[in-house]
Each structure stands twice: as C-alpha cells, then as structure tokens.
Amino acid sequence: MNRYPRSHIKIAFFLASVLAVVITTLPAKEKDVARFPILLEVEVTPEITEPAIETEDYESQWTELSIAPGDNLSKIFKRLGLPAANLQEIVDIGPEVAGLRRILPGKELGIRVSHEGKLIGLRYSPNVLNTLVVQRKNDTFEAQKIRLNTEYITAYQTATIDKEAPSLYLAGKRAGLSDNIIMQLSYVFQWDISFALDMRQGDSFALLYEEIYANGKKLKDGEILAASFSNMGKAHTAVRYKGPGGRTDYYTPDGLSLRKAFIRDPVHFSHVSSRFNLRRLHPIHKRVMPHRGIDYAANRGTPVIAAGDGKVSIARQNNASGKYVVLQHGQQYTTKYLHLSRFAKGIRTGTAVRQGQTIGYVGSTGWATAPHLHFEFLVSGVHRNPYTVKLPKADPIPANDISDFRNKTSGLLIQLAAIQGKTGYARLETPEDAGASE
Ligand SMILES: [Zn+2]
C-alpha cells in the first residue's frame, strides 16, 4: 500500500487553509521569478492619506502589541491601565471604527501614549493593505482609514515535471512559485487534468500571474492571468476573463469555459491509490472483485468536495462503506463518496450542494485499510470511469461579449506564448540545463 509522504500531508493541510488566508510569505527563490510590467489591467487604489502628525519622534511613540486569542480592546485597555472612558470615546466615533470590535489574534495593535501617560493614538491593521488610525484631536478622537497604494506586476514562470519533481507541487516549488499560486493552478485546470493521476515526466506548464506590491515591497501574489499546461502530450490553455457581468472565470483562447459539470478529483492534493478496474484483486477479500470507483489516498481530515452541483440523496453509515455521501446531479448523474471520517457541517439528506463545496472529510470508516476516499461516478445508474467518461461543459462566452473577450485576453495569450518560446530558446543556449530536466 502506498503511503503519502509526510511533507505532502502537511502541504495538503496548509493548502486547504491557505484559501482563507490572504497573506502569503515570499516564495523561497523570489529572485528567480521573472517579471515584466503589466500591460493590460492595472487596478488603481486611492492615494495614501498620511496621518496629520509631524512630530519627529512619531514612530518612536508607538508601542506595538500582539493581539492574543480572546483579546478585545476593553481587556487590553484594562491591562495597560488606560481609562475605559477613552475606549468609549473611540467607539463613539461611529461605523468607521467598527473594525475595532473584532480585532484578530496574531495581528498588531499600535498604542501611542503621551509623555504624561495620556492615550493619543491607536492603530490597527486587519491586513497588509489597510490600517485604521485613531488620533486624539484636542478633547476628541478622530479616525482615519489608510490604504496602501498598491501596484500590480505581472510575473511569469515555466516548470517541468520530471524525476526530481514528479508532482505539480514539487515542480512549482522548484520554480519558486508560492503555495497559493500552485493551488490556484490546480484549480484552473481541475476540470481537464487530474493532478492525482495524470502527471507524467515531461509535462510542463507556463503561467502569468499578478504580484501585488506596495512601496516597492512585495505583499503577496494575486491571481493567475493565463496559464498553459502540457499534459501527456495534450496542451491546455486557460485565460482569465472578467465579463461585463463582473464574473471572473477561466476560458480557453476561443472563449469556451474550462468549467465543466464535474471536477475530476474530489480531493485536491491526494494521489490515486487504486484505479477504476473491473477485474481487481481485492486487498481485503483476496479475490477478484470489480473496483467500480477510484481511491484517493490522503491524510485523514482532508476535505472532500462535491464533484458537481447537486443534492444529497444519502448521508449515513454502514458496515462496508463507513460514513458515506451520495449526491444526485439532475436526473442522469450520481456520485458517491465513501469511508469518510465525518460529514461536513449541514450535510444531510436533501441538502443542496454546490460544486467544490466540502461535503465531508477523508477517513477510513467501513472496510478500509488506510485513510482514503473511494469515489464512484454513475451515469443513469451504471458505474463509469470518471476519468474516461465524457463530461458536459459549461456555457461559452456569449456571442455579444466575444469581441470584448478577445480585446482583454489577446495580450495575455501573446505574453504566454512568448514565455513558452523563451523557455525553448534558453534551453538551446544551455544544453546542460535542458539535459538535467529531461
Ligand atoms: Zn475503493
């Protein structure tokens, strides 16, 4: 039985949490990531408004406190011996300071106290881009919101899957990409490529993505703008497009949606431990029994997502399947998810689910030798191999919007083609590098 490497298990957990976390650390090899100024889309943010304070030792008067779990401002004021009346005055400023009611553990709170011990300022940054500054003005307090002036830079990178880096994650890390960008890439192509099953040596990818800077310093990665993935000899290309309706999605260069009715892998960052095989020797029963699904080995607790929009028709437990969920997708399609450690919150018979929604967590309940998801895909009641069955596609760009689509995406696609060309050229110049990555 294959065990998933420990590092990957940690990564799976980290990646799941990264969705919610906005701030990412700099990639380890940031200098290797190539950049050029963005050509198409620049998001303009309001100018910085500096707080109206000119004192020379302005910064030295601030004390930064780290907010502890369970902290709130009244506890902190008490601890520092600051009058509760001051806090009341600050709260009374109004909705501008509403953010101070739910200060987050781990963030910093700045307190500025005069030589006489009087509170003269308070500041809080809920994220890297925004700071709320409250300052005493005579006998009252005033609030100011400061937003960093950000700049979007387009970065690009190419990478190849090979013996040393046999997975999307490892190839991406070697190329200096952040976990956030690697995860985004897996989501862009999740309808067409199984990153759990389909990775081959020689597969390669190229991508353009945003990096967000403020004051010349990189804050975090933005979104993937365009990407191509050459997988088992087949090239897939995706470009990001924001339609007139404001909805952002990824499309092929012809404006076809990459989105399909079903996602290939209902567990991200797992690996396939047993394929769809109608003549498999069963690992527990030691005889030939059809394996009418796909097994994804992953750490216990890894989220299992709905492969498509649908309704929960069964969410219960039995001896063989353990805790399992059956989803009905319209009249024709059914998907099954077995051996869960637990159901996700709110998942019970009759619950409507959206594609990508977490329905449960990987476990080993029922007849299972190790934590994995057993996934089945049925068309009109017949088990089918989810990797080979033809899947219905989402709607393409409407005819009315196709010229807008071309205007906004052609530049990105040219840049994408250019960086792929560049990779080939660089290889010609350094044959030893080309040899190393084959
Ligand atoms: Zn199975």
Side-chain angles (χ1 to χ4, degrees), residues 1-5 8-9 12 161 163 166-171 186 189-203 229-234 236 260-300 302-308 320-327 329 333-341 355 359-392:
M1 183 196 58
N2 290 326
R3 293 300 310 228
Y4 213 48
H8 282 218
I9 291 163
I161 309 287
K163 229 176 271 163
S167 70
L168 168 69
Y169 185 80
L170 293 173
S186 79
F189 292 111
Q190 66 183 334
W191 285 274
D192 291 301
I193 301 173
S194 166
F195 291 100
L197 186 67
D198 292 345
M199 288 298 97
R200 297 289 183 275
Q201 287 184 29
D203 281 1
F229 207 113
S230 165
N231 174 233
M232 302 193 290
K234 195 177 173 208
H236 303 267
K260 291 194 178 74
F262 296 96
I263 293 166
R264 291 286 175 195
D265 299 321
V267 193
H268 280 267
F269 296 95
S270 57
H271 76 104
V272 170
S273 52
S274 181
R275 300 182 185 211
F276 188 88
N277 179 356
L278 296 176
R279 280 171 306 187
R280 180 181 73 147
L281 185 66
H282 194 277
I284 292 178
H285 303 290
K286 305 291 180 208
R287 60 188 173 91
V288 174
M289 285 174 80
H291 190 237
R292 298 183 203 276
I294 291 189
D295 289 346
Y296 291 91
N299 203 38
R300 182 185 310 278
T302 306
V304 172
I305 58 178
S321 305
K323 287 194 172 116
Y324 71 104
V325 172
V326 178
L327 299 182
H329 313 274
Y333 298 98
T334 309
T335 53
K336 299 185 182 181
Y337 311 78
L338 276 55
H339 311 307
L340 304 173
S341 57
Q355 184 175 61
I359 54 170
Y361 300 89
V362 170
S364 53
T365 55
W367 295 345
T369 50
H372 74 284
L373 174 76
H374 171 98
F375 173 60
E376 293 181 12
F377 191 94
L378 293 85
V379 183
S380 305
V382 179
H383 285 88
R384 302 292 296 274
N385 183 345
Y387 285 114
T388 53
V389 68
K390 266 224 170 300
L391 299 177

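Keep in mind that what you see is a predicted model, and the values were worked out from it rather than measured.
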I need the minimum non-hydrogen distance between G293 and E376, along with the two atoms involved. CA-CG, 4.1 Å

Does any non-hydrogen side-chain atom of Y169 lie less than 4.5 Å from one of F195? no

Plane angle bin for F377 and Y333 - parallel if under 30°, tilted between 30 and 60°, otherwise perpendicular: tilted

Applying side-chain contact (heavy atoms from CB on, under 4.5 Å), run through F262 and H329 and close with a yes or a no. CA-CA 10 Å; F262 296 96; H329 313 274; 3.5 Å; yes

For the residue pair H236 and K234, what are the closest heavy atoms and their distance? CD2-O, 3.6 Å

Nearest 0.5 Å, what's the CZ-CG distance between R292 and N385? 13.0 Å

Only one of L327, I305, L340, T335 passes side chain to side chain contact (heavy atoms under 4.5 Å, CB included) with I359; say which it is. L327

For R300 against S341, the heavy-atom pair lying closest together: CG-CB, 4.3 Å

From the list H268, Q355, R264, side-chain hydrogen bond (donor to acceptor under 3.5 Å, both in side chains) with Q190 holds only for H268

Show the nearest heavy-atom pair for residues V304 and Y361, with the distance to one decimal. CG2-C, 4.1 Å

When rounded to the nearest 0.5 angstrom, what distance separates CG in N277 from CD1 in I294? 11.0 Å

Is there a side-chain contact between F229 and L168, using heavy atoms and a 4.5 Å cut-off? yes

Side-chain touch H291/R275, heavy atoms, less than 4.5 angstrom: no

More than 12 foreign heavy atoms under 6.0 Å from CZ of R200: is that the case here? yes

Contacts of F375 meeting ring pair (Phe, Tyr, Trp, His ring centres under 6.0 Å) (sequence neighbours excluded), chain-then-number -> Y337

Can you measure from CE (M199) to CG (L170) and round to the nearest 0.5 angstrom? 12.0 Å

Can you tell me how far the CD1 atom of I161 sits from the CG atom of D198, to the nearest 0.5 Å? 11.5 Å

Which heavy atom of V267 sits nearest to which heavy atom of P303, and what is that distance? CG1-O, 3.8 Å

Interatomic spacing from CG in D203 to CD1 in I193 - rounded to 0.5 Å: 7.5 Å

Set of residues satisfying ring pair (Phe, Tyr, Trp, His ring centres under 6.0 Å) with respect to H383, sequence neighbours excluded: none

To the nearest 0.5 Å, atom OG of S273 lies from atom NE2 of H372 at 6.0 Å

Report the relative orientation of the aromatic rings in H374 and H339; use parallel for angles under 30°, tilted for 30 to 60°, perpendicular for over 60°. perpendicular

So, the side chain of S274 versus the backbone of D295: is there a donor-acceptor pair under 3.5 Å, distance only? no

